[in-house]
Amino acid sequence: MRRSILLVAIVPALNGCFLTDSGERGEVSTRDINFPASGYEQLDEEDYPRISFERASHDMGKVVQGKRVEMRFSFTNSGGSPLVISAVNGSCGCTVGKDWPKEPIAPGEGGEITVAFDSEGRSGVQHKSVTVVSNALPASTVLTITGEVLGPETNPKP
C-alpha cells in the first residue's frame, strides 16, 4: 500500500518536471520568437504614435474656493500609427482626468482630454498636473494647470 501511494505521488511530479523543461529538448523557446514591436532597435521612430497638444498648460485665473473648474486639452496624433491613451492621472485628489478617447486614434486625427479641478478646501496659488499615459513616444506627457483659489477671509473685519 505504501509503495502505491509513493508511486502515485512521484509519477505526476516527474511528469511536471518533464513538461516545463522544454529548452533542452529542442522545442520552441522565447529565444526563437521575434517580437518586432518589443524593442526600439527594430522600429523606425516615425512608426510610433505621437501625441501633440495645442497647449500643455492652462491658467485658470482666480477661482472662488469651493468651485469646480473644467478645462479641455486638445491633441493630435502626429505619429505614424494609432494612438491609444491608457490613463490620465491627476497629481492629487483635487485634479482628475475625466474624459478622454478610449478608442485608438488614427494618425492625423485628434481628440480632447477633460481635466477637472476641485478647489474645495484649497486656497492660494495652485500648481497641479495630470499625466497622460499612452503608447506614444514618449509614453507620458504632463499637462499643468495653475490658478489662484480665493478662500474666505480667516480674520473677518469687525
Side-chain angles (χ1 to χ4, degrees), residues 16-17 19-23 26-158:
C17 292
L19 289 175
T20 58
D21 190 21
S22 61
E27 295 179 3
V28 176
S29 72
T30 54
R31 289 177 291 190
D32 302 320
I33 301 171
N34 183 14
F35 295 99
S38 65
Y40 287 100
E41 301 88 27
Q42 297 179 2
L43 287 179
D44 187 353
E45 285 192 12
E46 293 182 12
D47 291 338
Y48 282 96
R50 292 190 183 270
I51 189 167
S52 302
F53 285 91
E54 287 182 7
R55 58 187 165 102
S57 63
H58 178 82
D59 184 2
M60 300 181 290
K62 295 184 179 185
V63 178
V64 176
Q65 188 180 61
K67 185 177 179 183
R68 291 178 184 221
V69 179
E70 288 188 3
M71 58 224 82
R72 293 181 181 182
F73 291 90
S74 298
F75 64 89
T76 303
N77 177 5
S78 56
S81 60
L83 170 70
V84 177
I85 298 173
S86 57
V88 179
N89 301 317
S91 58
C92 68
C94 65
T95 307
V96 295
K98 289 183 62 179
D99 296 316
W100 64 87
K102 307 297 189 285
E103 302 296 322
I105 300 159
E109 299 293 318
E112 290 184 336
I113 296 173
T114 302
V115 176
F117 171 72
D118 184 358
S119 66
E120 183 68 39
R122 309 237 173 241
S123 64
V125 176
Q126 303 291 312
H127 295 275
K128 303 296 178 187
S129 64
V130 292
T131 302
V132 179
V133 181
S134 69
N135 64 337
L137 188 64
S140 64
T141 303
V142 177
L143 306 173
T144 58
I145 59 172
T146 57
E148 182 179 1
V149 176
L150 304 174
E153 293 183 30
T154 54
N155 296 322
K157 295 178 182 174

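In this structure, I85 CD1 and I113 CD1 are separated by 4.0 Å, a value rounded to the nearest 0.5 Å. Separating the NE2 atom in H58 from the CD1 atom in I145 is a distance of 7.5 Å, to the nearest 0.5 Å. Of the inter-residue distances, the one linking T144 atom OG1 with F73 atom CZ reads 6.5 Å to the nearest 0.5 angstrom. Of the inter-residue distances, the one linking D59 atom CG with M71 atom CE reads 10.0 Å to the nearest 0.5 angstrom. With rounding to the nearest 0.5 angstrom, the SG atom of C92 is 4.5 Å from the CZ atom of R122.
Contact of the K67 side chain with the M60 side chain is not registered, since no non-hydrogen atoms from C-beta on lie closer than 4.5 Å.
Considering all non-hydrogen atoms of both residues, A136 and L83 come closest at CB-CD1, 3.8 Å. When all heavy atoms are compared, the tightest approach of S119 to G66 is OG-N, 2.9 Å. Among all heavy-atom pairs drawn from G80 and P107, the shortest one is C-CG, 3.7 Å. Between N135 and Y48, the shortest heavy-atom contact is O-CD2, 4.5 Å. Of all heavy-atom pairs spanning V149 and Q65, the tightest one is CG1-CA, 3.7 Å. Nearest approach of H127 to T146, heavy atoms of both residues: ND1-CG2, 3.2 Å.
For R72, the CZ atom is loosely surrounded, since the number of other residues' heavy atoms within 6.0 Å does not exceed 12.
Considering only residues two or more places apart in sequence or on other chains, F75 meets the ring pair (Phe, Tyr, Trp, His ring centres under 6.0 Å) condition with F53.
The side chain to side chain donor-acceptor pair (under 3.5 Å) contacts involving residues 77-90 comprise S52-S78, where partners must be two or more places apart or lie in separate chains. Applying the side chain to side chain donor-acceptor pair (under 3.5 Å) definition to pairs two or more places apart or across chains, those involving residues 91-106 are E70-K98.
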